[in-house]
Amino acid sequence: MNFRRVIIIDLASLGIGEASDANRFNSVGADTLGHVASHEGVNLKLPTLSKLGLGNIRFGDPILGIAPVDKPIGYFGKIHEKNTATDCQSGLREMLDYQDPIRVTSVLDPIVKYSDNYARSIIITNYQSYFSNQNLSDIIAVNKDKLAYQSLHHEAVAPIDGLIYTKILGLQKAAENGDFGAYVQSLREADQQIARLINEMYKTDLLLITASFADDLTISTTPTREYLPLLAYVPADPEGSSLGIRHTLADIGSTIADVFQLDVAKESIGHSFLSELNN
């Protein structure tokens with residue numbers, strides 16, 4: 001499959017269970033999604049994310065209300081962060097960075113610079129210093145999810161190659177406040193908006209849904225050291241399978257570089273899973 005655009009949805013703070021090294025980060029027992037689901041009970045329904053395979057990630061350790069499905073329409077896996085930093089921006093940097101011969105940079109600008117066709121890197125988020133250094137990217141500053149979703153859908157229907165990154169702000173805010181009700185509401189809204197996005201996508205699009213960090217509402221540590229979700233949806237072939245355990249968020253950046261056939265792919269610490277989407 002020759003993808004022409006990658007869309008990333010960052011469900012920031014959505015961890016899916018303590019990582020193997022959680023004890024080193026005061027995160028033993030952390031399970032953001034599991035604890036949110038237990039708090040909400042069987043009423044937690046995320047039909048779109050479930051169809052994509054969210055529940056399949058936890059096969060054998062099911063999440064209340066989010067059971068595995070027999071035939072997920074997306075590819076599913078989980079990610080263990082490689083970095084050992086304890087800030088909420090480190091995961092994002094790991095996801096998109098690579099080491100070029102001169103400095104650490106990201107895959108965002110090369111998509112625009114080296115694309116054979118007109119392409120854009122579109123960043124929809126609140127202010128983050130990391131993105132301010134991306135000179136060739138179009139940054140759409142938003143401070144509410146309503147505006148983020150409006151921008152996302154506006155850009156999604158435009159037939160332009162490149163990358164769209166959108167961060168879901170409400171989840172992070174609710175996690176910071178320990179507000180289970182707001183967290184569930186934000187998750188449900190994200191699920192509905194992703195359903196709409198799927199209907200807007202072109203056959204040559206690739207949708208990646210993940211989280212740049214975890215933040216369990218029941219634990220004082222922020223961020224919490226958890227596995228992070230990975231869902232991939234291919235509109236041209238909506239039949240998924242397992243992507244297993246990825247050992248760095250940089251696998252996403254490497255896959256993006258692979259999609260756009262950028263030389264930077266070989267400089268990434270990650271391993272592209274693009275070939276696994278074409279089986």
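Quick note: residue numbers are just sequence positions, from 1. The structure displayed is predicted, hence computed values, not measured ones.
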Going by the rule side chain to side chain contact (heavy atoms under 4.5 Å, CB included), which residues pair with [X] if we only count those two or more places apart in sequence or in a different chain?
{"X": "Ser38", "value": "none"}
{"X": "Thr222", "value": "Cys88, Asp215"}
{"X": "Thr218", "value": "His35, Phe180, Asp216"}
{"X": "Tyr202", "value": "Arg5, Pro159, Thr204, Asp205"}

Looking only at the side chains, is there a donor atom on one of Ser272 and Asp258 sitting less than 3.5 Å from an acceptor on the other?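 Judged by distance alone, the side chains do pair up.
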Tell me, do [X] and [Y] make a side-chain contact under 4.5 Å, heavy atoms counted?
{"X": "Ser137", "Y": "Tyr165", "answer": "no"}
{"X": "Ser242", "Y": "Tyr75", "answer": "no"}
{"X": "Ile252", "Y": "Ile79", "answer": "yes"}
{"X": "Ile164", "Y": "Leu152", "answer": "yes"}
{"X": "Lys51", "Y": "Val69", "answer": "no"}
{"X": "Val259", "Y": "Leu163", "answer": "no"}
{"X": "Thr221", "Y": "Phe25", "answer": "no"}
{"X": "Ile9", "Y": "Leu231", "answer": "no"}

Residue pair [X] / [Y]: nearest heavy atoms and the distance that separates them:
{"X": "Ala232", "Y": "Leu206", "value": "CB-CD1, 4.4 Å"}
{"X": "Gly178", "Y": "Leu217", "value": "C-CD2, 3.8 Å"}
{"X": "Ile63", "Y": "Ala37", "value": "CG2-CB, 3.4 Å"}
{"X": "Pro72", "Y": "Gly53", "value": "CB-CA, 4.0 Å"}
{"X": "Leu11", "Y": "Ala190", "value": "CD2-CB, 4.1 Å"}
{"X": "Pro223", "Y": "Ser27", "value": "O-OG, 4.5 Å"}

Taking only residues two or more places apart in sequence, or in another chain, which ones meet [X] in a side-chain hydrogen bond (donor to acceptor under 3.5 Å, both in side chains)?
{"X": "Ser212", "value": "Asp10"}
{"X": "Thr48", "value": "Asp191"}
{"X": "Glu81", "value": "Asn83"}
{"X": "Arg24", "value": "none"}

About how many Å separate [atom2] of [Y] and [atom1] of [X], when rounded to the nearest 0.5 Å?
{"X": "Leu249", "Y": "His80", "atom1": "CG", "atom2": "NE2", "value": "10.5 Å"}
{"X": "Leu92", "Y": "Ser90", "atom1": "CG", "atom2": "OG", "value": "9.0 Å"}
{"X": "Ile168", "Y": "Thr125", "atom1": "CD1", "atom2": "OG1", "value": "9.5 Å"}
{"X": "Ile8", "Y": "Ile124", "atom1": "CD1", "atom2": "CD1", "value": "11.5 Å"}
{"X": "Leu243", "Y": "Lys78", "atom1": "CG", "atom2": "NZ", "value": "13.0 Å"}
{"X": "Met95", "Y": "Ile256", "atom1": "CE", "atom2": "CD1", "value": "8.0 Å"}

* **Phe213 and Gln172: CA distance, side-chain angles, deciding distance, side chain to side chain contact (heavy atoms under 4.5 Å, CB included) verdict** => CA-CA 9 Å; Phe213 68 93; Gln172 180 176 359; 3.6 Å; yes
ask   = Can you list the steps and then say if Val36 with Leu14 is a side chain to side chain contact (heavy atoms under 4.5 Å, CB included)?
value = CA-CA 10 Å; Val36 168; Leu14 187 66; over 6 Å; no
- Task: Any chance you could lay out the side chain to side chain contact (heavy atoms under 4.5 Å, CB included) test for Leu230 and Asp251, step after step, and finish with the verdict?
- Result: CA-CA 10 Å; Leu230 175 61; Asp251 283 8; over 6 Å; no
Are [X] and [Y] joined in one hydrophobic group, where the rule is that I, L, V, M, F, W and Y side chains link up if heavy atoms are under 4.5 Å apart?
{"X": "Ile16", "Y": "Leu171", "value": "yes"}
{"X": "Val184", "Y": "Ile219", "value": "no"}
{"X": "Leu33", "Y": "Ile245", "value": "yes"}

Quiz item: What pairs meet the salt bridge (charged side-chain N to carboxylate O under 4.0 Å, His left out) rule with one or both residues in residues 174-184, with sequence neighbours excluded?
Solution: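 Passing the test, one end in residues 174-184: no pairs.
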Within the supplied structure, the quantity of interest is the number of heavy atoms (other residues, nucleotides, ligands) at a distance under 6.0 Å from Arg4 CZ; does it exceed 12?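 No, the 6.0 Å shell around CZ holds no more than 12 heavy atoms from other groups.
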* To do: Apply side chain to side chain contact (heavy atoms under 4.5 Å, CB included) to the pair Glu155 and Ile140, showing each step before the final yes or no.
  => CA-CA 11 Å; Glu155 299 297 342; Ile140 301 176; 3.7 Å; yes
Exercise answer: donor-acceptor pairs, residues 141-149 side-chain atoms, under 3.5 Å, sequence neighbours excluded:
residue, atom, partner, partner atom, Å
Asp145, OD1, Leu169, N, 2.7
Asp145, OD2, Gly170, N, 2.7

- side chain to side chain donor-acceptor pair (under 3.5 Å) partner of Gln193, chosen from Gln150, His153, Arg188: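 Among Gln150, His153, Arg188, the one meeting side chain to side chain donor-acceptor pair (under 3.5 Å) with Gln193 is His153.
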(Q) With side-chain hydrogen bond (donor to acceptor under 3.5 Å, both in side chains) as the rule and sequence neighbours excluded, what pairs involving residues 56-73 come up? (A)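 Listed by first then second residue: Asp31-Arg58, Arg58-Asp61.
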What side-chain hydrogen bond (donor to acceptor under 3.5 Å, both in side chains) pairs are there with at least one residue in residues 224-234, not counting sequence neighbours?
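side-chain hydrogen bond (donor to acceptor under 3.5 Å, both in side chains) check on residues 224-234 returns Asp21-Arg225, Thr32-Glu226, Thr224-Glu226.
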Could you tell me whether a side-chain N or O of [X] sits under 3.5 Å from a main-chain N or O of [Y], the two making a donor and an acceptor?
{"X": "Thr255", "Y": "Phe273", "result": "yes"}
{"X": "Asp138", "Y": "Ile122", "result": "no"}
{"X": "Glu94", "Y": "Lys82", "result": "yes"}

